[in-house]
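Reading through the structure tokens given below for one structure.
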Amino acid sequence: MRLRFKATHVVLAMLCVMYFITYVDRVNIGTAAGDIQKELGLSNTQLGLVFSAFAYPYLLFQVIGGWVGDRFGPRQTLFWCGMIWAAATVMTGFVHGLAALFVARFALGFGEGATFPTATRAMQYWTPANRRGFAQGLTHSFARLGNAITPPVVALLILWLTWRGAFVVLGIVSLIWGIVWVWYFRNEPRDHRSITEAELATLPPRPQGERPKVPWGPLLQRMWPVTLTYFCYGWCLWLYLNWLPLFFKNNYSLDLKNSALFASGVFFAGVIGDSIGGVISDRILERSGNVRLARLSVTVVGFAGALLSLMPILFVHDITVVALCLSAGFFCAELVIGPMWSIPMDIAPKYSGTAAGIMNTGSAFAAIVSPLVAGFVIDATGNWYLPFLMSMGLLLLGGFSAFMMHPERPFEEAGGLVGPGKVVAAE
């Protein structure tokens, strides 16, 4: 008997692979940074500028990319995004100066800018409404798996092929994913040759008639608290992604292999946090029917746990204790991913790609300022712990700003609200 996979499961699996690859291509620079810094003669401040280069177009294309995903569909949008970020990754292996390295990372951000909002659009119609938290948590757990796998894999590739060869190999992998995606995926589930009527019955219906224009003003007004909360999370995230390998390497005088292993261990904690956060949020929603409780409870606990986990590193500098605290902090911070990425679909089902893009501008802006500030502070003080102290302040702000979010009130074009606390099916 031939084993058959559900089309909805295959699509979710392909999105998981995409999230995995995009984060490999984002954080590979962190592991290679020591060799790149030495060969190109870069200071920590200049390295922070390189880290931030990814985020400038990434920020711009959150909203634009979300609109493109809504307008042209995930199939073509994610294919062309994949081609661009694959080319940018390969190009990184051929740079010979600060300017060229900045351009390569800038191009990577251009390619990846629309990916997550567009993936949210794909999930909007390929995932049952009561499984959104699980789907978002699972895909982002693969992103964190990419974080965890990248340091040792890139370290091995560097030892085998040099840092330049490592970027070329990783870019080719991205190219392959894009080709497979455009071959298999369809924007409309009903158009897919392998989907069954039983699967279609579980999916939310597509809106009928002409696609509505995005009401930017009212939508921005509804989403700004979500964006602020996600900025606070993003500040902490990008500090981890960009500086953690160098933190272990320079602060504890470790070689490339050992610093990569310590960073990988911390990132693995995020894999678990992503998955658990989405599952818990969906479980609370299923039992209570209260969208606000399901999303905010996990988010606030995540911020509080991350803050409390990081506090000991200000007083105890033993590498084992520090690694455990950083791991616990990353685990708690990643609990918020599933509920946070479900909120755009809860609030604005008609404009989920655009709403997700608006939310992710918070993390994208954090990706600009967090590495720049960290690099400057490290150069100015020589203290590798101060950036984490700053992150604690942002985690505190994020925990409070979460209470301003209202996922229980679905957005409507006319500005009306559905009654609070009610679960409303996606339109």
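These values consider heavy atoms only, across backbone and side chains, with no hydrogens, waters or symmetry-generated copies.
Taking CH2 from W126 and NE2 from H192, the interatomic distance works out to 5.0 Å, rounded to the nearest 0.5 Å. Atom CD1 of residue I337 and atom CG of residue L237 lie 7.0 Å apart, to the nearest 0.5 angstrom. Atoms CD1 and CG, from I358 and L219 in turn, are 4.0 Å apart once rounded to the nearest 0.5 Å. In this structure, CE on M14 lies 6.0 Å from CH2 on W177, to the nearest 0.5 angstrom. Taken from CD1 in I29 to CG in L108, the straight-line distance is 9.5 Å, to the nearest 0.5 Å. Expressed to the nearest 0.5 Å, how far OG of S288 lies from CD1 of I284 amounts to 7.0 Å.
The two atoms that bring W235 and V369 nearest to each other are CZ3-CG2, 3.4 Å, heavy atoms only. Heavy atoms only, all atoms of each residue included: D346 and P407 are closest at CB-O, 3.7 Å. Residues T31 and A155 come closest through the heavy atom pair CG2-N, 4.0 Å. Residues N147 and F330 share a closest heavy-atom pair of ND2-CZ, 4.0 Å. Between I347 and M223 the shortest heavy-atom distance is CD1-SD, 4.0 Å. P151 and S264 make their closest contact through CG-N, 4.2 Å (heavy atoms, listed as atom of the first residue, atom of the second, distance).
N28 pairs in a side chain to side chain contact (heavy atoms under 4.5 Å, CB included) with only one of the listed residues (I158, V153, T92, T150), which is T150.
Two residues are said to be in side-chain contact when any heavy atoms from C-beta on lie closer than 4.5 Å; F262 and L326 fail this criterion. You'll find the side chain of F20 stays beyond 4.5 Å of the side chain of V173, heavy atoms only. For the pair L138 and C16, the minimum side-chain heavy-atom distance is below 4.5 Å. Side chains of N44 and Q37 form a contact here, defined as non-hydrogen atoms less than 4.5 Å apart. In this structure, F231 and L394 have side chains that are in contact, with non-hydrogen atoms separated by less than 4.5 Å. In this structure the side chain of W341 never reaches within 4.5 angstrom of the side chain of M123, judged on heavy atoms. No side-chain heavy atom of F268 sits less than 4.5 Å from a side-chain heavy atom of I272. At least one side-chain heavy atom of I172 sits under 4.5 Å from a side-chain heavy atom of V168.
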Stepwise side-chain contact (heavy atoms from CB on, under 4.5 Å) test for V298 and M340:
CA-CA 9 Å; V298 180; M340 286 298 297; over 6 Å; no
Apply side-chain contact (heavy atoms from CB on, under 4.5 Å) to L261 and N258, showing your working.
CA-CA 5 Å; L261 289 175; N258 286 315; 4.3 Å; yes
Hey, mind stepping through L15 and L78 against side-chain contact (heavy atoms from CB on, under 4.5 Å) and telling me if it holds?
CA-CA 10 Å; L15 290 173; L78 290 181; 4.2 Å; yes
Could you walk me through whether F365 and T227 pass side-chain contact (heavy atoms from CB on, under 4.5 Å), step by step?
CA-CA 10 Å; F365 183 61; T227 303; over 6 Å; no
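Atom CE of M311 has 12 or fewer neighbouring heavy atoms from other residues, nucleotides or ligands inside a 6.0 Å radius. The neighbour count for F376 CZ, taken as heavy atoms of other residues, nucleotides or ligands under 6.0 Å away, does not exceed 12.
In this structure, the ring of Y233 has its center less than 6.0 angstrom from the ring center of Y230. In this structure, F247 has its ring center under 6.0 Å from that of F388. Not less than 6.0 angstrom separates the ring centroid of F110 from the ring centroid of Y56.
R105 contributes a side-chain N or O that, together with a main-chain N or O of R26, makes up a donor-acceptor pair within less than 3.5 Å. In this structure, the side chain of T361 does not engage the main chain of L59 through any donor-acceptor pair within 3.5 Å. Listed for the R295 side chain is no donor-acceptor partner under 3.5 Å among the backbone atoms of L285. At least one donor-acceptor pair closer than 3.5 Å links the side chain of T139 to the backbone N or O of A135. The closest donor-acceptor contact from the side chain of S363 to the backbone of N360 lies at 3.5 Å or more, if one exists at all. R292 places a side-chain N or O within 3.5 Å of a backbone atom of F403 that can act as its donor or acceptor partner.
Using bins of under 30°, 30° to 60° and over 60° for the plane-to-plane angle, the ring pair Y23/W238 lands in the parallel bin. Taking the six-membered ring for Trp and thresholds of 30 and 60 degrees, W181 and F185 have nearly parallel ring planes, at less than 30 degrees apart.
Side-chain N/O atoms of Q76 and N187 include no donor and acceptor closer than 3.5 Å. A donor atom on one side chain and an acceptor atom on the other are found under 3.5 Å apart for D25 and W85.
A salt bridge is defined here as a Lys NZ or Arg NE, NH1 or NH2 lying under 4.0 Å from an Asp or Glu carboxylate O, and R287 with D282 fails to meet this definition.
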